Amino acid sequence: MRLTVLGGGGFRMPLVYRALLEDTGDDAGRCTELVLFDTDRGRLDAIGAVLAEQAAGRPTAPAVRATTDLDEALRGADFVFSAIRVGGLAGRARDERVPLAEGVLGQETVGAGGVLYGLRTLPVALEIAERIAAVAPDAWVINFTNPAGMVTEAMQRVLGDRVIGICDSPVGLCRRAARALGADPGRAGYDYVGLNHLGWLRGVIVDGRDRLPELLDDATALESFEEGKLFGARWLRALGALPNEYLHYYYFNREAVTSIRSAPATRGEFLRDQQAGFYERAAAAGRSGGTGALELWERTRLEREATYMAESREASGGWQRDSCDLDGGGYDRIALAIMRAIARDERATLILNVRNRTAVPGLDADAVVEVPCLVDAGGARPLAAGAVAPDQLGLMLSLKAVERATIAAATSRGPAARAQALRALALHPLVDSVNVAARILDASGALPAA
């Protein structure tokens with residue numbers, strides 16, 4: 001089986017390869033060839049050096065091939081994993097800084113920053129979808145490119161349900177909640193509903209019983225893991241659900257913005273500077289034919305994980321991430337589980353970004369939602385979510401309108417593109433003025449070319 005990774009020079013690529021190395025299934029459903037595509041040859045060389053060390057002494061390791069030719073990468077692919085970053089980390093840093101200059105949230109996928117990122121990314125994602133349709137029409141596409149919800153929905157307009165979006169935030173929340181209850185995360189069931197980076201865990205089912213009310217009643221257990229520390233027991237009890245970590249930017253927006261603005265660098269700026277050093281040194285290690293790239297990557301990764309959402313943690317009292325949350329695994333294992341389920345027709349239930357159909361009442365059939373799905377050889381089908389609380393549905397509808405205006409802007413030209421982009425920014429709940437939205441749009445340079 002051939003897996004092609006778009007954005008194969010990305011920093012987290014070794015996590016995907018690690019998951020592939022751990023797959024001991026038969027060859028019929030196991031990845032035997034990994035093709036890495038990236039527009040930056042230097043990044044491919046650096047990551048290739050890390051993967052070569054990972055594969056050392058493992059005769060069944062998937063063969064790795066790297067290319068900067070998109071059609072060559074896609075041809076013959078059974079699965080395509082899209083993890084591109086249009087504009088690189090320099091683009092992310094700009095997306096975050098421009099809104100912060102106006103006093104509103106600057107974050108990669110949430111708020112105005114997410115809209116700007118979408119405006120830059122969607123045209124490229126749609127071009128990729130067209131090439132997949134032409135060169136590898138039978139391939140399944142697993143999308144991790146952010147903003148994952150809107151990118152998945154846009155690509156589905158070309159490729160249909162063969163595009164499945166993934167994110168590691170929901171599974172992390174579910175596992176932490178189960179562990180706080182003393183339950184085995186792999187044996188529990190989860191009632192989760194939302195959009196990407198905007199979801200709520202509404203139930204943790206253990207042996208046929210929902211134990212979330214028990215967790216909400218136990219402040220010590222509730223505040224023993226990341227989401228409990230971020231939101232606090234009082235607010236979680238008032239909600240009656242456990243929010244995805246990204247909802248901290250909505251529920252505690254003032255505190256989050258203050259913390260981010262007072263930090264010496266935004267998250268994008270930190271990663272831009274950190275990874276520039278990594279890629280330079282890892283590429284040098286690969287060229288010399290020696291080792292050291294893998295150790296360098298691991299040190300850099302641990303620092304990256306330890307500082308994840310540092311400003312939100314500072315805004316909620318200041319605390320360190322638990323060691324069990326520093327492993328870095330998540331989306332890579334979800335991607336592998338999807339591939340196994342489809343290639344081997346092994347049924348799995350996973351929280352994914354898929355077309356709603358009728359799963360979430362109140363949203364139309366084509367809206368991409370993030371819910372538990374049944375996955376098998378036929379793809380991913382959402383499970384019915386049932387009624388959604390009015391506050392949750394209201395936020396979902398608002399953000400879906402923002403996502404669709406962003407898609408419309410990215411697929412338009414001239415005045416129509418500007419009108420839709422302004423609509424996307426101004427309708428976002430975290431942008432407090434149409435004038436602010438207009439200034440952000442003007443300063444960003446994110447509009448599609450006329």
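Owing to the predicted nature of the structure, the values given are computational and were not obtained by experimental measurement.
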Between [X] and [Y], is there a donor-acceptor pair closer than 3.5 Å when you use the side chain of the first and the backbone of the second?
X	Y	result
S412	A409	no
Q54	Y17	no
S82	T145	no
S444	L441	yes
W297	F11	yes
N356	T358	no
E223	T220	no
D210	V204	yes

**Prompt:** Salt bridge check: are E108 and R92 linked by an N-O gap of less than 4.0 Å?
**Reply:**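 The answer is yes: the pair qualifies as a salt bridge.
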**Item:** Note: K400-D366 ion pair, threshold 4.0 Å (strictly below)
**Value:**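 No, no charged N to carboxylate O under 4.0 Å.
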**Request:** Take D168 and R175 through the salt bridge (Lys or Arg N to Asp or Glu O under 4.0 Å) test and state the conclusion after the steps.
**Result:** CA-CA 11 Å; D168 49 6; R175 288 172 178 168; over 6 Å; no
Indicate whether the side chain of [X] and that of [Y] have a donor and an acceptor atom separated by less than 3.5 Å.
X	Y	value
N353	T152	no
N244	Y192	yes
S169	E245	yes
E96	Q107	no

Do [X] and [Y] have side-chain heavy atoms sitting under 4.5 Å apart?
X	Y	answer
V375	R347	no
I260	L105	yes
L350	C373	no

Separation between [atom1] of [X] and [atom2] of [Y], rounded to the nearest 0.5 Å:
X	Y	atom1	atom2	answer
L352	I142	CG	CD1	9.0 Å
T4	F79	OG1	CZ	11.5 Å
L242	L247	CG	CG	11.5 Å

**Message:** Can you classify the ring geometry of Y246 versus Y249 as parallel (below 30°), tilted (30 to 60°) or perpendicular (above 60°)?
**Reply:**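 Tilted.
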**Fill in**
Sequence neighbours excluded, the answer for side chain to side chain donor-acceptor pair (under 3.5 Å) partners of E127 is none
**Request:** Can you sort out the partners of Y190 under side chain to side chain donor-acceptor pair (under 3.5 Å), two or more places apart, ordered by chain and number?
**Result:** none
**Nearest non-hydrogen partners of F144 and I166, listed with the distance** =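 Where F144 meets I166 most closely, the heavy atoms are CD1-O, 3.3 Å.
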**Request:** Find out whether the Lys NZ or Arg CZ of R43 is both under 6.0 angstrom from the six-membered ring centre of Y279 and within 45° of the ring's axis.
**Result:**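 Yes, a cation-pi geometry.
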**R423 atom CZ, neighbour heavy-atom count above 12 within 6.0 Å** = no
**Prompt:** Does atom CD of E280 have more than 12 heavy-atom neighbours, drawn from other residues, nucleotides or ligands, at distances under 6.0 Å?
**Reply:** no
**Prompt:** Taking only residues two or more places apart in sequence or in another chain, which ones pass ring-ring contact (aromatic ring centres under 6.0 Å, His included) with F81?
**Reply:** Y331
**Asked** Among L44, D332, I47, V50, which residue meets the side chain to side chain contact (heavy atoms under 4.5 Å, CB included) test with M13?
**Response**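 Going through the options one by one, the only one that passes is I47.
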